[in-house]
Amino acid sequence: TQLLEQSPQFLSIQEGENLTVYCNSSSVFSSLQWYRQEPGEGPVLLVTVVTGGEVKKLKRLTFQFGDARKDSSLHITAAQPGDTGLYLCAGARAGGTSYGKLTFGQGTILTVHP
Amino acid sequence: SQTIHQWPATLVQPVGSPLSLECTVEGTSNPNLYWYRQAAGRGLQLLFYSVGIGQISSEVPQNLSASRPQDRQFILSSKKLLLSDSGFYLCAWRDIAFTGELFFGEGSRLTVL
């Protein structure tokens, strides 16, 4: 079973602070996605990283895929209350029988206080 | 554009009663479809996936079943609900591109009393 260890599980910070969420595995993934979820809604895709060492930026969010494609991080600069939510990483398995199944991390609940 | 819709949004059912959650996708053909369960706002557990009409694969043994009677319709069912079936159920479809992103429905909150 492929597992994704996501940390921290909870993060409570003040507006303007920086933060990093980590997603680690002993398995290699063909791609890794980050989702954000609001209470009572389905997750929404933020970004997909595919190449080892890849860095993608989405405004104040920076996503990185590890060189060996086993880990990823999400860094938020100058967090705002609107960033509050559940952040989920998810890895896609390689191979023809994977059928697009994703392995999800346990999630990080981020609260940004004004 | 593609859309995904699932219903009902909220359901309160007694133990031992049946369940039917429905999911439909529009704007795409022959999508891969998935049912996930999420407990207490945490990570998602894959329950079932389907690569075509009538084709269902179960990821974990449980009290639930799934069916795909039409190309863009995915149904999650139970004959007799258990307390442990309570949770937030999410339907999703897969983009056929290499990166395989999932697009989720709005979710269905099930409470079994």
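So you know, we letter chains A, B, ... as the sequences are listed, proteins then strands, and number each from 1. Side chains included, hydrogens not; waters and symmetry mates left out as well; all remaining heavy atoms used. Remember, it's a predicted structure, so these values are computed and weren't measured experimentally.
In this structure, B:R94 and A:K101 have side chains that are not in contact, with every pair of non-hydrogen atoms separated by 4.5 Å or more.
Placement of B:W7 and B:F48 in two distinct hydrophobic clusters is found when ILVMFWY residues are connected by side-chain heavy-atom separations under 4.5 Å, directly or transitively. Taken together through direct or relayed side-chain contacts under 4.5 Å among Ile, Leu, Val, Met, Phe, Trp and Tyr, A:L19 and A:Y22 form parts of separate hydrophobic clusters. In this structure, A:L58 is a member of the same hydrophobic cluster as A:I76, with clusters built from ILVMFWY side-chain heavy atoms closer than 4.5 Å. Linking Ile, Leu, Val, Met, Phe, Trp and Tyr residues whenever their side-chain heavy atoms come within less than 4.5 Å leaves B:I75 and B:L81 in two separate clusters. The cluster map of Ile, Leu, Val, Met, Phe, Trp and Tyr, joined by side-chain heavy atoms under 4.5 Å apart, puts B:V60 and B:I56 in the same cluster.
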Stepwise, does the side chain to side chain contact (heavy atoms under 4.5 Å, CB included) test hold for B:Q45 with A:F104? CA-CA 8 Å; B:Q45 179 187 36; A:F104 279 84; over 6 Å; no
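The shortest non-hydrogen separation linking B:F88 to A:E41 is CE2-O, 3.6 Å. For A:P43 against B:L44, the heavy-atom pair with the smallest separation is CG-CD2, 4.3 Å. Pairing each heavy atom of A:L86 with each of B:R42, the nearest pair is CD2-O, 3.9 Å.
Proximity to chain B (any heavy atom under 4.5 Å) is shown, for A:Q9, by both the backbone and the side chain. For a residue to count as touching a neighbouring chain, one of its non-hydrogen atoms must lie under 4.5 Å from one of that chain's; by this rule A:F10 touches chain B with the side chain only. In this structure, the portion of B:Y36 lying under 4.5 Å from any heavy atom of chain A is its side chain and not its backbone. With a threshold of 4.5 angstrom between heavy atoms, B:E59 approaches chain A through side-chain atoms but not through N, CA, C or O.
For the atom pair B:E101 CD and A:L45 CG, the distance stands at 5.5 Å (nearest 0.5 Å). With rounding to the nearest 0.5 angstrom, the OH atom of A:Y35 is 4.5 Å from the CG atom of B:L102.
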